[in-house]
Chemist: 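Sharing a structure below in structure tokens format, with a few things to ask.
Quick note: numbers below take in every heavy atom, side chains included, and nothing from hydrogens, waters or symmetry partners.
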2 protein chains.
Amino acid sequence: MSREGNEEVDPEFVSRLASYLGFNKERVQHLFEKSYLARNWGKYENLLRFDKEISHIERGTVLYEKDGSFEAIVGFPKIRRAMVLNPTIKKHFSGLEKVAVEEKMNGYNVRIAIAKDEILAITRSGYICPYTTQKAKEKLNLKFFEDFPELVLYGEMVGPDNPYVPKEIYDIESVEFYIFDIRKKNSGEPLPIKKRQEILEKYGFFQVRFFDEFPLETAAEEIEKIIRELGEIEHEGVVIKDPDMMLSPLKYTSSQSNCSDLRHAFKFYNETGRDYMLSRIVREGFQTVEWDEDETEFEERCMKLGKSILGPLRESIRTVKNGQRLYEEARIRVRDLKTAADFEGYLKRLGIDAIFEEPQPIGDEYRIVIKKINKSTNDKTHAILQGETW
Amino acid sequence: MSREGNEEVDPEFVSRLASYLGFNKERVQHLFEKSYLARNWGKYENLLRFDKEISHIERGTVLYEKDGSFEAIVGFPKIRRAMVLNPTIKKHFSGLEKVAVEEKMNGYNVRIAIAKDEILAITRSGYICPYTTQKAKEKLNLKFFEDFPELVLYGEMVGPDNPYVPKEIYDIESVEFYIFDIRKKNSGEPLPIKKRQEILEKYGFFQVRFFDEFPLETAAEEIEKIIRELGEIEHEGVVIKDPDMMLSPLKYTSSQSNCSDLRHAFKFYNETGRDYMLSRIVREGFQTVEWDEDETEFEERCMKLGKSILGPLRESIRTVKNGQRLYEEARIRVRDLKTAADFEGYLKRLGIDAIFEEPQPIGDEYRIVIKKINKSTNDKTHAILQGETW
């Protein structure tokens, strides 16, 4: 049975929830009515999710009943972006001696924890993804969750069999989970970096690459070097952290990552948000000024930007002109076809128009190609080519 | 005395206006309350303007009492844009044998007509611009308005002393008015092109360049040639018209014009609409596909696009980094300093933050440089360079 939005909620349950959240009952009722607070589907319907940030509760926070009260798996804190490394790092981390620098990987954000006696992979929005959950169960040392039921892994699912953000750049055959934070349930309090590293190592988890700690004074120039190296291998960028995890992190990305975002955005130019496109472009402007590039470097950057925009645009228009449909291709790899069927139902539920092709056996698993249809860009391009005006 | 929005309007006046428009009185009252229908300022307050398109009445339409009824100067009809020349022209003008092609100039749209015994220059939004009005009175053969009080000139104010869209590309010393349409008051009905040309010639008006009439079948390829030539001299593009002006026109622009728009947009990246930026970029994609460009041409287009975006972005960031403020420079040329003072008051009224510099004598006139401050991009850039996150 599915229940979602505008639903009747048991008044007694609302009352207990209100008391846990410190809200009044009318407010909780209102959150349900607006679907700002909603249930997951099917067998996960006892897991509530915050669909919006509400009074400092992160969007995507998951909430469920436990031992007569509630327990929360706190959403991903939004990481602010430095547009220039200097003076942003000094300003943001003022008071610290050193900052830690880790790689920001390009994958799919996922929280993994035990909730209601089951290990679950929770998306940024607070959904329980059946595919990611199954992969987490297969890939991770589950002993961790027995030993630390109060902790949550915050990580990135990366690799070519990631159906959301498929990337070949990490030399991963299928998918792996790279953990970047461990946080406590309810409070969301993160472990200091050293402590996190010790625990992750002990249980044999992959963790995001740790570059080093740098003095606040020289961090910007050290990070510039790292960003240039990461860019050359098409990696995304870095997250800059307080080693004690008291202050919130900052992120900064390579030009190659900005251009890669733009390539994807302009392939589906009628789907992607205008703000998304603009922000990537503006980052390029600040980077060329901060790095004080000469005319040769600047021209190269202009060329890369121009090609990242026009290349995919041209390809999409040509595709439609040739009578083909525009889609995004991704793939998954499963041991049991039931996982694929569950995932297909889940995407449908999310309103994503995806075609699952025939499963191809690969070892003792199946690989399934998924085509996500980009109807809006497809239709717009088709109409223009048929003589419609803009 | 100024009156604008949420005003008390004489019920008897509302009643007459409702009867003229064919609306009920409550609707007219509502239009005034919402300022969808508003008065001009000062001595023009008896001229009403439509601030929005209402039931097929074009936005910018100006309305005033005349001989016991009302008279309307109809707003600029929105001209649709062809994203590809073929098949759009054939589809849009189907049934015609030939289409006429005229130059689309890059200036400021203005309607000039006699209303309440005064010659007025009316902006796209229906404001009476005191500077443009004065220039029209100086530049145009006013006998036309005596002979044809029922006609309205639809034209473009172009040249370097145009304070809205200053352009040096037309070899005009100060400003001139180029007329592209003559329409009747009230109905907005346009004169056929030949008839318009005869009248404009007779009174010695400048009119936009007329290229030729082309058969529908070959128009797209002929226009492609024209667009390439116009692009080389940085001119904007063409308007394609039904010679009888029964069907609405279509417009199409050069790549150079798209890039010029982008240069302006990215100079003030935090002010310009995201849709404005995207549409210019997407036009480049369709043009390269329609013109079937080879890789050399494509790379050149990418480079031009990249530079049109990053060049002004870099310049703006550098300007702010050097402690200077971002502004748009324009200038006007007046015989009487009162015109400049009136124009300054008018811009203030419109909420535009502009600094008028000291008048410089030039012949028997004065040139005045105007700096329009772009506060939003200035402040955003400054904050980022001080270490604020995005």
Chemist: Under 4.5 Å heavy-atom distance to chain B, tell me which part of A/Lys321 shows up: side chain, backbone, both or neither.
Modeler: side chain
Chemist: Looking at A/Gln386, A/Glu290, A/Lys90, which makes the most heavy-atom pairs under 4.5 Å with chain B?
Modeler: A/Gln386
Chemist: Hey, what do you get for CH2 (B/Trp390) to CZ (A/Arg81), rounding to the nearest 0.5 Å?
Modeler: 10.0 Å
Chemist: Against chain B, label A/Ile384 side chain, backbone, both or neither, depending on which of its atoms sit under 4.5 Å from a heavy atom there.
Modeler: both
Chemist: Between B/Ser316 and chain A, which part of the residue has a heavy atom less than 4.5 Å away: side chain, backbone, both or neither?
Modeler: neither
Chemist: Relative to chain B, which of A/Ala82, A/Pro87, A/Ser279 shows the most heavy atom pairs under 4.5 Å?
Modeler: A/Pro87
Chemist: To the nearest 0.5 Å, tell me how far A/Met83 CE sits from B/Ile317 CD1.
Modeler: 7.5 Å
Chemist: Residues of residues 301-315 of chain A under 4.5 Å from chain B (heavy atom pairs)?
Modeler: A/Arg301, A/Cys302, A/Met303, A/Leu305, A/Gly306, A/Lys307, A/Ile309, A/Leu310, A/Gly311, A/Leu313, A/Arg314
Chemist: With a 4.5 Å limit on heavy-atom distance, are the side chains of A/Phe266 and B/Ile281 in contact?
Modeler: yes
Chemist: Chain A heavy atoms under 4.5 Å from B/Leu385: which part of the residue, side chain, backbone, both or neither?
Modeler: both
Chemist: Under the rule for side chain to side chain donor-acceptor pair (under 3.5 Å), what residues qualify as partners of A/Lys375, not counting sequence neighbours?
Modeler: A/Asp379
Chemist: Going by heavy atoms in the side chains, are B/Glu388 and A/Lys91 under 4.5 Å from each other?
Modeler: yes
